[in-house]
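Structure first, then comments.
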Amino acid sequence: MKADNVYLKWLSLVVIGISLFIFYRAFTFEFLNYDDPLILTRNRTVVGYDFKSIFTKLVAADYVPLTLASFALEYHFFGENPSVFHSVNIFLHIINCILVVFLFYRFSEKNFFLTVFGALIFATCPLHVESVAWITERKDVLYGMFFLLSLISYLRYLDGKRSNYFMSLVFFALSLLSKSMAVTLPIVLFLLDFLKNRKLKIIEKIPFIVMAVWLALIQLGVRAQTMKEPPSFKPLLAMENVLRSLIFYTSKFIWPNNLTAFYESEFVKNSVFEKFMALIFVGVLVFAAKKFEPKNRRCIYFGLLFFLICISPVLQIVPYGNGFIYGDRYFYIPGIGLIFALGVLVNSLVAEKSRSLRPVIYVLPFIILYGVISHQRTNIWANSEILWKDVINKYPESNYALNSLGHHYMSSGQIERAIDLYENQKLKDPHQVIYINLGNAYLDTFQPSEAIRAFQKAATKGPPFADAYVGLGNAYSQSGNRSMALIEYEKSLKIKPKCSECYYNLGLLFKKSGDFRQAKTYFEKSYAINPYDEAVLGQINDIKKFLMNASK
């Protein structure tokens with residue numbers, strides 16, 4: 001047992017070193033305009049250290065209070081310092097790598113090769129880079145840590161240490177509060193009964209099931225509220241989504257080529273090569289399992305089922321809204337199942353009769369390749385410009401990526417670059433938002449006629465969009481055409497009666513013309529809709545002072 005502990009300690013040090021090698025550059029990375037403002041830097045509950053709202057309100061149609069609480073604590077003590085947030089992500093990932101060492105040691109019943117193989121593949125897997133290098137995906141590394149701790153505690157409970165049952169339950173609750181993908185853990189506990197060749201115990205799983213159902217109902221309710229139409233189950237579509245997703249994740253695991261931060265399902269097609277790789281991989285595992293002795297067969301089936309169960313929440317069996325159904329981050333915990341199944345296969349072929357670590361040499365080249373790819377992939381997350389250029393390079397027709405890169409240029413003061421990007425990028429079907437941002441860029445450079453052209457395209461493209469008419473109002477106002485500006489603002493209010501920005505701009509328009517009382521009325525309407533807007537409050541106070549002085 002002492003020798004085993006020495007092995008495990010040395011292996012833990014190795015995965016720590018590998019993780020630092022892969023992610024050391026992330027310590028200097030910036031915040032991204034990819035959900036970081038929404039979740040963190042502009043999230044009032046986080047920035048304002050409002051723990052009551054963190055645990056009672058949703059953000060981005062998701063309930064992740066523990067993740068938000070961790071952000072709030074870091075922001076409170078260290079401010080808007082991205083290095084701190086990146087450091088915590090890396091630290092949590094290192095903990096998870098160590099936990100995987102002990103998890104595989106227990107999964108494999110103290111098989112050293114399987115433990116080393118699993119830990120090294122998990123530490124170097126390129127699909128894990130997104131979960132670590134992207135601050136917003138703190139959700140993955142945090143829920144993953146508690147998920148792994150819950151599994152390890154439950155395994156200790158199965159070994160006869162009864163007090164660990166309560167610890168497993170507590171860790172599961174913390175995992176659920178970090179990310180809703182943790183809801184699959186109760187089914188994984190049944191899989192552990194199968195792995196250990198133990199009679200299924202339903203009663204001891206009931207507390208886990210109750211907590212999982214509670215969070216699942218919250219999440220499904222939130223998703224349903226954010227959709228224009230209620231979700232519906234369509235068998236053929238569900239089957240297509242499941243097959244496409246399984247092929248996607250399996251093929252990316254085998255050959256992590258063409259990875260990117262943002263996959264639009266419209267452009268992600270399973271190539272013949274990817275289908276072939278996925279089919280061969282799963283086929284070999286299933287065929288080998290049938291030929292192996294019962295213990296190894298059970299391990300392979302366990303690994304495949306672990307992956308399938310843990311990835312199921314994002315397979316779009318019941319579509320819940322957006323067209324972006326793939327993401328490297330979703331593989332973070334589910335991938336453990338594929339790693340374990342592959343490890344059992346490799347172990348049976350090259351290392352089953354050996355307790356030495358010499359067979360690791362056979363797989364070392366693949367682990368080194370994984371590590372190099374991950375090391376290079378990490379730099380893609382350095383800043384918003386590098387990130388979105390990488391996405392556009394792989395998916396040139398992505399409206400979302402183009403818009404995000406242009407938004408980065410605008411927010412960083414590179415207005416001309418934003419205009420050049422929006423005007424010259426070749427898209428089959430540019431989205432309304434791109435024309436709106438183009439119009440705003442022209443407004444920022446005081447080119448109202450060009451702004452009007454861009455906003456008119458936005459207004460005539462797709463369904464009525466209030467922002468397009470607000471933009472037209474702003475452009476006409478900048479050009480001095482007050483009557484047309486009023487008409488466009490009225491159009492926006494018909495589409496969106498509670499448009500704070502529209503009322504604010506109407507206030508500016510009347511203030512500019514000298515009608516301060518009417519301006520004040522519009523500013524107050526804007527403030528009633530958005531009481532957090534300090535610019536509106538400042539305008540109201542300025543007008544009040546002016547009116548008081550005028551009355552003296």
Side-chain angles (χ1 to χ4, degrees), residues 32 34-35 39 60-62 125-134 136-137 139-141 143-144 179-181 183-184 219 223 226-227 231 234 236-279 281-282 306-339 373-374 377-378 380-381 387-404 431:
L32 304 173
Y34 187 19
D35 282 0
I39 304 296
D62 213 352
C125 183
L127 289 172
H128 292 170
V129 171
E130 178 172 289
S131 296
V132 184
W134 182 14
T136 289
E137 281 314 303
K139 294 176 286 188
D140 289 321
V141 289
Y143 111 82
K179 188 172 183 178
S180 58
M181 277 189 76
V183 296
T184 58
Q219 202 63 45
R223 294 291 182 185
T226 59
M227 296 175 65
K234 299 178 181 178
L236 292 180
L237 179 61
M239 187 179 299
E240 180 186 354
N241 286 339
V242 168
L243 288 175
R244 286 178 61 189
S245 296
L246 293 178
I247 291 170
F248 174 86
Y249 291 111
T250 306
S251 61
K252 293 297 183 187
F253 170 63
I254 302 166
W255 184 246
N257 182 45
N258 218 29
L259 300 180
T260 187
F262 190 83
Y263 303 95
E264 286 189 54
S265 58
E266 179 184 354
F267 306 125
V268 179
K269 308 296 181 185
N270 298 137
S271 67
V272 174
F273 180 62
E274 288 174 329
K275 293 175 183 176
F276 176 77
M277 281 196 300
L279 181 62
F281 178 75
V282 176
F306 184 104
F307 167 70
L308 185 61
I309 294 301
C310 290
I311 201 75
S312 61
V314 294
L315 294 183
Q316 291 273 324
I317 297 171
V318 177
Y320 51 76
N322 61 51
F324 319 122
I325 62 177
Y326 308 110
D328 297 353
R329 58 192 177 276
Y330 299 139
F331 191 81
Y332 191 74
I333 288 298
I336 288 173
L338 288 187
I339 295 171
I373 293 173
S374 293
R377 178 76 197 149
T378 300
I380 299 301
W381 297 87
L387 182 79
W388 295 117
K389 280 185 174 180
D390 178 71
V391 178
I392 292 171
N393 182 53
K394 289 160 185 171
Y395 298 105
E397 297 177 9
S398 173
N399 280 278
Y400 190 95
L402 172 66
N403 184 58
S404 297
H431 194 273

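The line from CD of E130 to CZ of R329 is 5.0 Å long, rounded to the nearest 0.5 Å. Taking OH of Y332 as the start and NZ of K179 as the end, the distance is 11.0 Å to the nearest 0.5 Å. The CG atom of L243 sits 15.0 Å away from the CZ atom of F248 when rounded to the nearest 0.5 Å. Rounded to the nearest 0.5 angstrom, M181 CE and S312 OG are separated by 7.5 Å. Rounded to the nearest 0.5 angstrom, M277 CE and K252 NZ are separated by 8.0 Å. Expressed to the nearest 0.5 Å, how far OG of S404 lies from OH of Y34 amounts to 8.5 Å.
For the residue pair A261 and W381, the shortest heavy atom distance occurs at CB-CH2, 3.4 Å. Scanning both residues, V183 and P313, for their nearest heavy atoms gives CG2-CG, 4.5 Å. The shortest heavy-atom contact between A401 and I392 is CB-CG1, 3.7 Å. Here the closest non-hydrogen pair linking P334 and Y143 is CD-OH, 4.1 Å.
Although no hydrogens or angles enter the test, the distance criterion places no donor-acceptor pair under 3.5 Å between the side chain of K275 and the main chain of I247. Between the E274 side chain and the S251 main chain, no donor and acceptor come within less than 3.5 Å of each other.
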Practice item. Go through F331 and L338 one step at a time and tell me if the side-chain contact (heavy atoms from CB on, under 4.5 Å) criterion holds. Key: CA-CA 10 Å; F331 191 81; L338 288 187; 3.9 Å; yes
Check your understanding: Where do Y326 and V314 land on the side-chain contact (heavy atoms from CB on, under 4.5 Å) test, with the steps shown first?
Key -> CA-CA 8 Å; Y326 308 110; V314 294; over 6 Å; no
Practice item. Start with the C-alpha gap between W134 and D35, add the side-chain angles, then the distance that decides, and say whether side-chain contact (heavy atoms from CB on, under 4.5 Å) holds. Key: CA-CA 10 Å; W134 182 14; D35 282 0; 3.9 Å; yes
Check your understanding: Run the side-chain contact (heavy atoms from CB on, under 4.5 Å) check on L246 and I311 step by step: do they pass?
Key -> CA-CA 9 Å; L246 293 178; I311 201 75; 4.2 Å; yes
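A salt bridge links D390 to R377: at least one charged side-chain nitrogen sits closer than 4.0 Å to a carboxylate oxygen.
Taking the centre of each ring, W388 and Y395 stay at or above the 6.0 Å mark.
Side-chain contact between L127 and Y330 is absent, with no heavy atoms from C-beta onward closer than 4.5 Å. Side-chain contact between D62 and K139 is present, with at least one heavy-atom pair separated by less than 4.5 Å.
When only modelled atom types and interatomic distance are considered, D328 and Y263 share a side-chain donor-acceptor pair under 3.5 Å. Donor-acceptor pairing under 3.5 Å is recorded for the side chains of D140 and S131.
Between F253 and F281, the ring planes are perpendicular. Angles over 60° get that label, and only those under 30° would be called parallel.
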